[in-house]
Each structure stands twice: as structure tokens, then as C-alpha cells.
Amino acid sequence: MPQEKGKRDRGELGILISSHIVLIAWSLIVVLPLLWTVFSSAKTTGEIFSGPFTMPHDIIGTLKDNFSSAWNDSHLGRYLLNTVIVVGIALALVMALGSMCAYTLARFPFPGSRAIYYLILAGNTFPIFLAIVPLFFVLKNVGLLNSLPGLILTYVAFAFPFTVFFLYPFFRALPAEIGEAAELDGAGDWRTFVQVMLPMARPGIAAVAIFNFLGLWNQFLLPVALNTNEKNYVLSQGMANFASSAGYEVNFGALFAGVVITVIPVLIVYIIFQRQLQGSLSAGTIK
């Protein structure tokens, strides 16, 4: 018995050490490029090409110049506002519509509900680049091509199948007795959904909101094909335009500063939603 316990303890220790080594290596792979990007945003183009680890001579002044150039000269401020508007409205719409659709399909089966669910799932398997040409002509015919509302509707349609697919098992796993108890207390279907079922599915909603936000924020193909008006550019288009418009005279310091501007909102939103997700999981475990 002592020998078996010692072997088990050594095995657990080996697993613990190996898992920590893998996590540390993965953290370095993720964090080091971010730190190098921030470090490069404090350097001039000459300092960047002189060596990747060359220390900048004037950190504060170069940072100010690079971020000012990225924000004003390259119009990233306007592109950031467009991205916030498009992604914010699209995320709110797709989370509202997706949660209602997933709840209805999961809790109220009706003839054809399974077929509708599988058709929605089929949207996840359809390559988005195959829909570019039909989307182009649809938006053109309804007068929404090269506009923010057209891009918002396209983003909603793009993220809707995944949202339903992700939330469907969450609502299906919720105990039916709680909904029945709410109905006995006089709550209608809408009130039961909003005040009872939706808070119970908060972990799934927080998780799918993170995935949708990241996917929509980093979307490049859809805005490039459907939004060619420079005034309505989103950040991904603005960064590509910034890098290509200057040819061989790109201000790489300002380009790295633009990347930092693009990444910071993603990190902030991810941290906020991650805390909500952890809190929801803890509350669900206690209950």
C-alpha cells in the first residue's frame, strides 16, 4: 500500500509538472508576440529594422508620435468608432435573436422544429466565401451595400447559426420543473424566459458572447467585399489600407501602434466577460 501510494503521488506530481510546463510554454507563445508588438510601437521605423530587441531612444516621444499618427493620420479613430458601432449592435442583435431561437427550439418542440434546427446548423458548415457574391447582390438590391446597417445585418446572419448551436444544449439541459414553477406563479412564456431561464443560461451566453465578439471584431472578408466606402471602413480594413497605401514608406512604428489600438478593446472585453463567466459558473455550482 505505501508503495502504491508513493507511485500514485509521483505520477500525480509528474502530471502536475508537465501540465505546468505546457501552460507556461503556451503562455509565452501568446504573451511574447503581444509584448513585442507593444515594444515595437515605441520605436521608429529605423529602430525596428536595426534589430528586434534594440531599445528605443525616446520611448515617450516616439509612443506619442506613433499613436498620434495611427489615430489621426491613418483615421483609425474613425475606423474604431465604426467597428464599435457595427460589432456592438450586431452582437446585441445576434445574442437576443439567437437566445430566443435556441430557447424556443429546445423547450417548445413542434412539428418541423428538428428540421429547422438542422437547417440552422447547416449554416455553420457553409463556407462564408461562397456566399460573398449572393450577399453582394442582395445588399445592392435593398440599398444597403457599402453601409454600416448592411454590414450589421450581414454580421448577424454570419454569427446566428453558431449562437443557436451553442445555446441550444444549455437551454435543453435546464430543469423543466423551474419553468413549470414559474408558470404556476403566473409568469408567462416571455417572463419565464427573460427572468428565469435566461439568467440560468448565463454561463453559455457569456461564453458565446466572447466567441462572437472575437469573430466579428476580427472579421475581414465580409467588410472587404461588402463595404468599399472608406468612410465606413472597420478596423481590419483600416489596418490593411494603412499598411498598403504607403507602399515602401510605411511607418512601421505607427503600424504597430495601430495594432495595439486594435487589440486593446478585445483584451478589455475578454477580461470583463471572462469574469462574468467565472462568476456564473461559481454561482451555478453553489446552487
Inset, instruction - Using only heavy-atom distances, determine whether the side chains of Asn66 and Ser41 contain a donor-acceptor pair under 3.5 Å. - result: no
Legend entry - Atom of Ala225, atom of Ile132 and distance for their closest heavy-atom approach: CB-CG2, 3.5 Å
Inset, instruction - Compare every heavy atom of Ile29 with every heavy atom of Pro33, then report the nearest pair and how far apart it is. - result: CD-O, 3.0 Å
Inset, instruction - Heavy atoms only: give me the nearest Arg107-Leu174 pair and the separation to one decimal. - result: NH1-O, 2.7 Å
Inset, instruction - Could you give me the CA-CA distance, side-chain angles and deciding distance for Val87 and Gln219, then say whether side chain to side chain contact (heavy atoms under 4.5 Å, CB included) is met? - result: CA-CA 10 Å; Val87 175; Gln219 182 60 237; over 6 Å; no
Legend entry - Spacing of Leu226 atom CG and Leu153 atom CG [to the nearest 0.5 Å]: 11.5 Å
Inset, instruction - Could you label the plane-to-plane angle of the Phe193 and Tyr103 rings as parallel, tilted or perpendicular, counting under 30° as parallel and over 60° as perpendicular? - result: tilted
Inset, instruction - May I ask you to check whether Phe213 and Trp217 place their ring centres under 6.0 Å from each other? - result: yes
Inset, instruction - Of all the heavy-atom pairs spanning Pro223 and Ser236, show the shortest one and how long it is. - result: CG-OG, 4.1 Å
Legend entry - From CA spacing to verdict: side chain to side chain contact (heavy atoms under 4.5 Å, CB included), Trp190, Met100: CA-CA 10 Å; Trp190 177 253; Met100 287 188 289; 3.6 Å; yes
Legend entry - Short side-chain to backbone donor-acceptor contact, Lys43 and Met55, under 3.5 Å: no
Inset, instruction - Look up atom OH in Tyr79 and atom CD in Glu230, then write down how far apart they are to the nearest 0.5 Å. - result: 4.0 Å
Inset, instruction - Measure the CG-CG distance between Leu28 and Leu35 for me, rounded to the nearest 0.5 Å. - result: 9.5 Å
Legend entry - For Leu139, the option from Thr154, Asn146, Leu151 that meets side chain to side chain contact (heavy atoms under 4.5 Å, CB included): Thr154
Legend entry - Expected output: side-chain Glu47 to main-chain Thr44 donor-acceptor under 3.5 Å: yes
Inset, instruction - Check whether any side-chain N or O of Asn82 sits under 3.5 Å from a backbone N or O of Val234 as a donor-acceptor pair, and report yes or no. - result: no
Inset, instruction - State yes or no: are the ring centers of Phe256 and Phe39 separated by less than 6.0 Å? - result: no
Legend entry - Ser147 side chain to Leu144 backbone, donor-acceptor under 3.5 Å: yes
Inset, instruction - Look up atom CG in Leu167 and atom CE in Met95, then write down how far apart they are to the nearest 0.5 Å. - result: 5.5 Å
Inset, instruction - Quick one: pull up CD1 in Ile116 and OG1 in Thr104 and give me the separation to the nearest 0.5 Å. - result: 10.0 Å
Legend entry - Selection residues 13-33 - residue pairs positive for side-chain hydrogen bond (donor to acceptor under 3.5 Å, both in side chains), sequence neighbours left out: none
Inset, instruction - Using the side-chain hydrogen bond (donor to acceptor under 3.5 Å, both in side chains) rule, collect all pairs that involve residues 108-124, keeping only residues at least two apart or in two chains. - result: Arg114-Tyr118, Arg114-Tyr168
Inset, instruction - Can you measure from CG (Leu80) to NE2 (His75) and round to the nearest 0.5 angstrom? - result: 14.5 Å
Legend entry - Stepwise side chain to side chain contact (heavy atoms under 4.5 Å, CB included) check, Phe137 with Leu145: CA-CA 8 Å; Phe137 286 105; Leu145 189 65; over 6 Å; no
Inset, instruction - Give a yes or no on whether the backbone of Val196 and the side-chain of Arg191 come within a donor-acceptor separation of less than 3.5 Å. - result: no
Inset, instruction - Please confirm whether the backbone N or O of Ala122 pairs with a side-chain atom of Thr125, one donor and one acceptor, at under 3.5 Å? - result: yes
Inset, instruction - Examine Phe126 and Phe211 and state if one hydrophobic cluster contains both, with Ile, Leu, Val, Met, Phe, Trp and Tyr joined whenever side-chain heavy atoms are less than 4.5 Å apart. - result: yes
Inset, instruction - State, yes or no, whether a side-chain contact exists between Ser40 and Trp36 at a heavy-atom distance under 4.5 Å. - result: yes
Legend entry - Thr163 side chain to Asn212 side chain, donor-acceptor N/O pair below 3.5 angstrom: yes
Legend entry - Minimum-distance pair of heavy atoms, taken over all atoms of Phe171 and Ala106: CB-CB, 3.9 Å
Inset, instruction - Could you state whether Ile128 and Val138 fall into the same hydrophobic cluster, counting links through intermediate Ile, Leu, Val, Met, Phe, Trp or Tyr residues with side-chain heavy atoms under 4.5 angstrom apart? - result: no
Inset, instruction - Kindly assign one of parallel, tilted or perpendicular to the pair Phe166 and Phe170, based on the angle between their ring planes and the thresholds 30° and 60°. - result: parallel
Inset, instruction - Looking only at non-hydrogen atoms, find the nearest pair between Leu235 and Thr83 and report the distance. - result: N-OG1, 2.8 Å
Inset, instruction - Answer yes or no: does atom CZ of Phe108 have more than 12 heavy-atom neighbours from other residues, nucleotides or ligands under 6.0 Å? - result: yes
Legend entry - Backbone of Phe220 reached by a side-chain donor or acceptor of Gln237 within 3.5 Å: no
Inset, instruction - Return yes when atom CD1 of Ile60 has more than 12 non-hydrogen atoms of other residues, nucleotides or ligands closer than 6.0 Å, and no otherwise. - result: no
Inset, instruction - Answer yes or no: is there a donor N or O on one side and an acceptor on the other, between the side chain of Thr45 and the main chain of Phe252, under 3.5 Å? - result: yes
Legend entry - Hydrophobic cluster identity match, Leu34 and Ile268, side-chain contacts under 4.5 Å: yes
Inset, instruction - State yes or no: do Leu130 and Leu135 share one hydrophobic cluster built from I, L, V, M, F, W and Y residues joined by side-chain heavy-atom distances below 4.5 Å, directly or via other members? - result: yes
Legend entry - Side chain proximity check, Ile120 to Leu105, heavy atoms < 4.5 angstrom: yes
Inset, instruction - Ignoring hydrogens and angles, tell me if any N or O in the side chain of Asn227 forms a donor-acceptor pair with the backbone of Leu222 under 3.5 Å. - result: no
Legend entry - Hydrophobic cluster identity match, Val260 and Leu267, side-chain contacts under 4.5 Å: yes
